[in-house]
Structures are given as C-alpha cells and as structure tokens.
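All heavy atoms count here, side chains included; hydrogens, waters and symmetry mates do not. Throughout, residue positions are numbered sequentially from 1 according to the sequence presented. Both counts, for ligands and for their atoms, begin at 1 and track the order of listing. All of these numbers come straight from a predicted model, not from anything done at the bench.
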Amino acid sequence: MKKVITYGTFDLLHYGHINLLRRAKEQGDYLIVALSTDEFNWNQKQKKCYFSYEERKMLLEAIRYVDLVIPEENWEQKISDVQEFKVDTFVMGNDWEGKFDFLKDYCQVVYLPRTPEISTTQIKKDLGK
Ligand code: C2G
C-alpha cells in the first residue's frame, strides 16, 4: 500500500482544498491529512480559524479521498510522521515549493499547483469578514 501525507489548516473547506486532496490521493492508495490544531494555527501560523479543529477534522473525514486525519501540532513533526506512518510520498501545494525538500531523505516530495483563484482569505474578504 502506497501511503501519502499532506498537511494544512483546511479552514472554510473549499474546492481548492478538494483539488489538492484528490490529486494527493492519486499519488498512492492511502492519504493521511495532518490537520493543524487550533493552538498551532494561533501560536505558530497566526491563523484564527473559523471552524474548530474538531469541526475541520469532521469535514475532512467526510471526504472520500481522506483515509486518516491526525493532528499537526508543530513544524517539526514531519520527519517522525513520515517514519511512524511509513509514508511513501509527501504532498503540498506549490505555495510551499522547496520548503520541505529536507523530507527527500525520507520519502518522495511532491508539490502540486494550487487552485489559483480561491483561498480562505479571499472568501473572508468577499464575505466582508
Ligand atoms: N491549496 C490549494 N489551492 C488553494 C488553497 C490551498 O492547492 N486555492 C492547498 C495548499 O497549497 C495546501 C493545502 O491546500 O497544500 C491546505 O491549505 P492551507 O489550509 O492553507 O494549508 P497551510 O496553512 O498552507 O498549512 O505544515 C504545513 C502547513 O500546515 C500548511
């Protein structure tokens, strides 16, 4: 079984996220999503989520491409995650191009083109938040 992992906040889940998750799953047979916790978002990513971790987790678990959701609690857990879950491929959108190349010592690293016209920030702006 070829295992894939990706990381993110996935707040206000939208079709750009789904495009990413669909293509990530195409890289293997089993997709793990490491979902940023509320604390990690607030303290390390300066992101205030609209939906809580539990709500975001429930949404992701309802997606056919997603096989397992685990918490992302810090920037440093990726190598141990790849080793613990025996991951073959790490996938991220190409806004992170090159940022995780250190993982190439442990697994394949794939950056996929983002869906350009949509973002959680844009949704909030459009809704006047
Ligand atoms: N994404 C995308 N197209 C968009 C928006 C997002 O392909 N229009 C991708 C991002 O590139 C990322 C994933 O969807 O791979 C999740 O996006 P975010 O929730 O914004 O993730 P981010 O805050 O970048 O967190 O340790 C890594 C971080 O947790 C990544």
Side-chain angles (χ1 to χ4, degrees):
M1 174 165 63
K2 197 168 175 208
K3 297 172 89 172
V4 183
I5 196 166
T6 190
Y7 292 72
T9 298
F10 296 98
D11 194 28
L12 296 186
L13 193 67
H14 56 68
Y15 65 88
H17 295 134
I18 302 301
N19 279 341
L20 188 284
L21 294 169
R22 174 177 48 74
R23 287 173 294 156
K25 181 60 174 279
E26 286 168 0
Q27 304 290 322
D29 316 290
Y30 188 90
L31 175 61
I32 301 166
V33 179
L35 181 62
S36 308
T37 61
D38 295 332
E39 298 74 17
F40 178 50
N41 274 313
W42 184 246
N43 299 326
Q44 302 294 324
K45 295 167 80 172
Q46 288 71 46
K47 283 191 171 185
K48 173 106 181 65
C49 289
Y50 182 82
F51 289 123
S52 70
Y53 175 80
E54 285 309 320
E55 290 162 341
R56 290 181 285 118
K57 181 171 186 282
M58 184 231 274
L59 284 162
L60 283 173
E61 287 173 338
I63 298 169
R64 71 175 73 175
Y65 309 120
V66 177
D67 296 288
L68 175 67
V69 179
I70 63 171
E72 179 188 27
E73 295 169 303
N74 57 66
W75 293 111
E76 295 75 32
Q77 70 184 72
K78 293 183 174 67
I79 292 174
S80 58
D81 288 347
V82 167
Q83 292 173 321
E84 179 186 346
F85 290 97
K86 299 179 174 48
V87 167
D88 300 281
T89 305
F90 167 91
V91 172
M92 284 303 291
N94 65 359
D95 45 321
W96 292 92
E97 186 83 37
K99 297 285 190 311
F100 302 115
D101 287 357
F102 63 88
L103 288 170
K104 286 180 176 174
D105 294 338
Y106 305 91
C107 63
Q108 187 189 7
V109 174
V110 173
Y111 300 102
L112 298 172
R114 273 174 72 93
T115 305
E117 74 281 1
I118 180 95
S119 71
T120 302
T121 310
Q122 190 60 49
I123 293 170
K124 286 180 178 173
K125 263 195 214 126
D126 290 353
L127 292 174
K129 279 203 181 285

| message | Check for me whether Lys78 meets the cation-pi criterion with Phe90, that is, NZ or CZ under 6.0 Å from the six-membered ring centre and within 45 degrees of the ring axis. | response | no
| query | What are the two closest heavy atoms between Leu12 and Lys124, and how far apart are they? | reply | CD1-CG, 3.9 Å
| said: To the closest 0.5 Å, what do you measure between NE2 (His14) and OG1 (Thr120)? | reply: 3.5 Å
| task | Using distance alone, determine whether Arg23 and ligand 1 share an N or O pair under 3.5 Å. | result | no
| query | Which atoms from ligand 1 have a heavy atom of Ser36 less than 4.0 Å away? | reply | 29 (O)
| Can an N or O of Leu20 be found at a distance shorter than 3.5 Å from an N or O of ligand 1? | no
| Donor-acceptor side-chain pairing of Gln77 and Asp81 below 3.5 angstrom | yes
| request: Return yes if a side-chain donor-acceptor contact under 3.5 Å exists between Thr9 and Asn41, otherwise no. | output: yes
| field | Backbone or side-chain N or O of Gly93 under 3.5 Å from ligand 1 N or O | value | yes
| Nearest protein heavy atom to atom 19 (O) of ligand 1, by residue and atom, and its distance? | Phe10 N, 2.8 Å
| query | Is the closest basic N to carboxylate O distance between Lys3 and Asp67 below 4.0 Å? | reply | no
| Considering only heavy atoms, does Glu117 approach ligand 1 within less than 4.0 Å through its side chain, its backbone, both, or neither? | neither
| request: Find out whether Leu35 and Phe40 are in side-chain contact, i.e. whether some heavy atom of one side chain is under 4.5 Å from a heavy atom of the other. | output: no
| request: Do me a favour and list the nearest non-hydrogen protein atom to atom 3 (N) of ligand 1 with residue, atom name and distance? | output: Thr115 N, 3.2 Å
| query | Looking at Gly8, which atoms of ligand 1 are within less than 4.0 Å of one of its heavy atoms? | reply | 19 (O), 21 (O), 25 (O), 29 (O), 30 (C)
| field | Nearest-contact summary for atom 26 (O) of ligand 1 - protein heavy atom, Å | value | Glu72 OE2, 2.6 Å
| Heavy atoms, side chains only, cut-off 4.5 Å: are Arg56 and Asp11 in contact? | yes
| said: Any nitrogen or oxygen of His14 lying under 3.5 Å from a nitrogen or oxygen in ligand 1? Just yes or no. | reply: no
| request: Could you tell me whether Asn94 and ligand 1 have an N or O pair separated by under 3.5 Å? | output: no
| query | In ligand 1, which numbered atoms sit nearer than 4.0 Å to a non-hydrogen atom of Ile118? | reply | 4 (C), 8 (N)
| task | Indicate whether any N or O donor in one side chain lies under 3.5 Å from an N or O acceptor in the other, for Asp88 and Tyr30. | result | no
| request: Please determine if Trp75 has a nitrogen or oxygen closer than 3.5 Å to a nitrogen or oxygen of ligand 1. | output: no
| Is there at least one pair of N or O atoms, one from Met92 and one from ligand 1, spaced under 3.5 Å apart? | no
| query | Has ligand 1 got any nitrogen or oxygen that is less than 3.5 angstrom from a nitrogen or oxygen of Ser119? | reply | no
| Note, His17 side chain near Phe10 side chain (heavy atom, < 4.5 Å) | yes
| Which residue holds the protein heavy atom closest to atom 20 (O) of ligand 1, what is that atom called, and what is the gap in Å? | Lys47 NZ, 3.3 Å
| Nearest protein heavy atom to atom 1 (N) of ligand 1, by residue and atom, and its distance? | Arg114 NH1, 4.0 Å
| query | Any idea which protein heavy atom is nearest atom 18 (P) of ligand 1, and the distance to it? | reply | Thr9 N, 3.9 Å
| Using the ring of each side chain (for Trp, its six-membered ring), is Phe102 parallel, tilted or perpendicular to Phe100, with breaks at 30° and 60°? | perpendicular
| Close N or O approach (Tyr7, ligand 1; < 3.5 Å) | no
| Between Leu31 and Lys25, what is the shortest heavy-atom contact and its length? | CB-CD, 3.9 Å
| request: Within a distance under 4.0 Å of any heavy atom of Lys78, pick out the atoms of ligand 1 and give their elements. | output: 26 (O), 27 (C)
| field | atom 28 (C) of ligand 1 [closest protein heavy-atom partner, distance rounded to 0.1 Å] | value | Lys45 NZ, 3.6 Å
| message | We want to know whether Glu117 and Tyr15 form a side-chain donor-acceptor pair, criterion being a heavy-atom distance below 3.5 angstrom. | response | yes
| said: Can you confirm, on distance only, whether ligand 1 has an N/O atom lying under 3.5 Å from any N/O atom belonging to Asp95? | reply: yes
| query | To which protein heavy atom is atom 24 (O) of ligand 1 closest, and what is the distance rounded to 0.1 Å? | reply | Trp96 NE1, 2.8 Å
| query | Hey, any chance Val110 and Val66 share a hydrophobic cluster, counting ILVMFWY side chains that come within less than 4.5 Å of each other, even indirectly? | reply | yes
